Amino acid sequence: MNVSEITTRPFEGQKPGTSGLRKKVDVFRQPHYLEDFVQAWFDTLEGYRGTTLVLGGDGRHYNRQAAQTILKMAAANGVGRVLVGQGALLSTPAASCVIRKHRAFGGFILSASHNPGGPDGDFGIKYNITNGGPAPEKYTEAAYQRTLGIDRYRTLDVPDVDLDTLGESRLGDMVVEIIDPVSDYVDLMAELFDFAALEKLVQSGVRVCFDAMHAITGPYARAILEDRLGAPAGSVINGVPLEDFGGGHPDPNLKHAHELVEIMYSDGAPALGAASDGDGDRNMILGDRFFVTPSDSLAVLAANATLIPGYRDGLAGVARSMPTSGAVDRVAKDMGLPCFETPTGWKFFGNLMDAGRATFCGEESFGTSSDHVREKDGLWAVLAWLNVLAARPGQSVADIVRAHWKRFGRNYYSRHDYEGLDTGAAEDLMDHLRATVPGLEGMSLEGYKVATGDDFAYTDPVDGSESVGQGVRVMFEDGSRIVYRLSGTGTEGATLRVYIERFEPNPARHGIETQEALADLIGIARGLAEIEARTGRADPTVIT
Ligand code: G16
């Protein structure tokens with residue numbers, strides 16, 4: 001093998017955020033930048049030599065070049081075999097599925113998720129461990145520490161690999177196997193869901209519209225919804241993955257999935273509308289003129305889980321990230337299920353699922369999934385909703401959610417994002433909150449009495465690891481909450497996220513428009529954080 005040891009120098013800022021390292025494409029294009037980060041993983045992972053890794057990404061600009069770089073480095077570092085999705089493509093949940101199914105040692109996923117792509121957009125990379133889930137903090141921290149002192153990396157001086165032809169080839173001593181990126185995932189979905197019942201539902205005229213946003217899920221959604229379930233051609237829109245996502249922002253929310261929103265809020269809308277993000281792990285669920293918040297989606301799916309064949313025997317427990325609304329907590333209480341509250345980041349659910357303590361997990365950031373993989377899974381959520389619709393004939397998405405609120409109460413919920421803030425100002429704002437919020441206890445704000453206030457810390461119940469500084473919480477006596485944290489996934493300046501929640505038990509008051517229902521708390525949230533004075537922003541950039 002022609003192994004080359006290349007001399008390099010450390011780059012600043014290679015600390016993985018909420019989900020891997022995300023930077024502008026230009027940053028990744030700097031000579032040695034990607035290589036340093038990848039070598040840091042090979043230098044800190046133990047026991048990978050001779051084993052199998054998985055590699056794929058969401059197809060964004062720089063995906064293919066990065067895959068070539070990683071393959072040559074993997075061969076030079078002694079990896080035995082790499083399973084690569086054809087075209088270097090794999091959705092995040094499919095990558096997790098492939099790692100688990102083929103008992104791989106781990107894998108690299110190339111994606112900046114919902115962030116825009118293209119030459120001026122973002123790129124990202126993360127490492128997933130043997131369970132198929134994102135590497136926990138002890139791994140990411142070790143790799144980061146290594147980036148600070150890195151001075152050389154190993155690669156092979158060989159031509160590029162053919163990424164498009166299925167089958168095996170060799171790169172030095174390493175086997176490269178190009179696999180169909182879709183089939184393992186489709187097989188797994190067919191095990192969990194009653195495809196025959198879903199096909200019947202679709203054939204009965206219940207229409208679905210899935211917006212792949214020109215990102216990775218197009219081929220997966222077509223294979224399942226159109227080819228397997230027989231939904232009419234065109235049920236999947238924007239289904240061709242593009243390197244720049246067609247210039248769009250592949251974030252499945254009410255602002256960015258506007259084409260889907262227009263369809264679902266027009267006359268004759270389909271029964272179920274859904275969108276997924278750049279790498280296929282997020283989902284947004286819509287009914288006919290009806291938006292299901294991700295927090296409600298988790299709660300409804302948990303309450304209806306036994307209607308889905310893969311979960312017929314019930315759930316071991318549920319988990320949600322701290323800023324996610326407490327809607328699922330009410331379901332868990334009613335069903336006698338354990339319910340866990342973790343920091344933001346799917347990586348925190350991995351231990352709970354591995355230990356068999358949580359089956360369904362969800363996050364307010366449009367993430368829902370189960371222990372079938374160790375990632376959130378956009379299409380899984382869509383199929384789960386379809387399965388619930390099939391099992392509750394004659395009921396619309398809105399009917400199902402409203403009935404849920406009637407039974408469990410409604411958690412009014414909204415997230416306000418202030419994007420592109422000056423990083424120093426945003427950090428000062430958080431410092432101000434950390435200093436003042438604990439002193440609010442017992443005070444009354446606009447009639448809301450503060451029960452407690454803190455900076456959320458989490459001790460993993462499985463391995464005892466601790467994570468501090470995970471978001472400032474103001475909790476009121478009536479169960480309402482305001483949460484503040486800075487995003488860990490952005491690449492420009494800082495993004496302040498403000499999460500606002502109010503519980504309403506009275507069904508007569510379940511029809512209020514969300515922002516109106518939360519108006520007092522929104523005012524309190526802005527005031528406590530002095531948002532306008534500190535950031536110059538009177539209003540959020542995105543409201544979900
Ligand atoms: C990632 C994480 C999620 C997290 C989300 C938002 O999602 O996997 O767990 O909720 O980021 O994080 P933040 O609020 O720090 O921006 P994705 O879809 O971007 O990989």
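Just so it is clear, the model here is predicted, and its values are computed rather than measured. For the numbers below, each heavy atom of this structure counts, side chains included, while hydrogens, waters and symmetry mates do not. Both counts, for ligands and for their atoms, begin at 1 and track the order of listing.
The protein residues lying under 4.0 angstrom from ligand 1, judged by non-hydrogen atoms, are T18, S19, R22, S113, H114, D277, D281, R282, T344, G345, W346, E363, S365, K376, R485, S487, G488, T489, R497.
In this structure, V25 and P119 approach most closely via the heavy-atom pair CB-O, 3.5 Å. For the residue pair I263 and I237, the shortest heavy atom distance occurs at CD1-CD1, 3.9 Å.
The list of salt bridge (Lys or Arg N to Asp or Glu O under 4.0 Å) pairs with a residue in residues 59-68, not counting sequence neighbours, reads D58-R60, R64-D164.
Contact check on R526 versus D539 returns a salt bridge, with a Lys/Arg side-chain nitrogen under 4.0 Å from an Asp/Glu carboxylate oxygen.
Side-chain rings of Y220 and Y185 approach one another, their centers coming within less than 6.0 Å.
Donor-acceptor pairing under 3.5 Å is lacking for the side chains of Y311 and T359.
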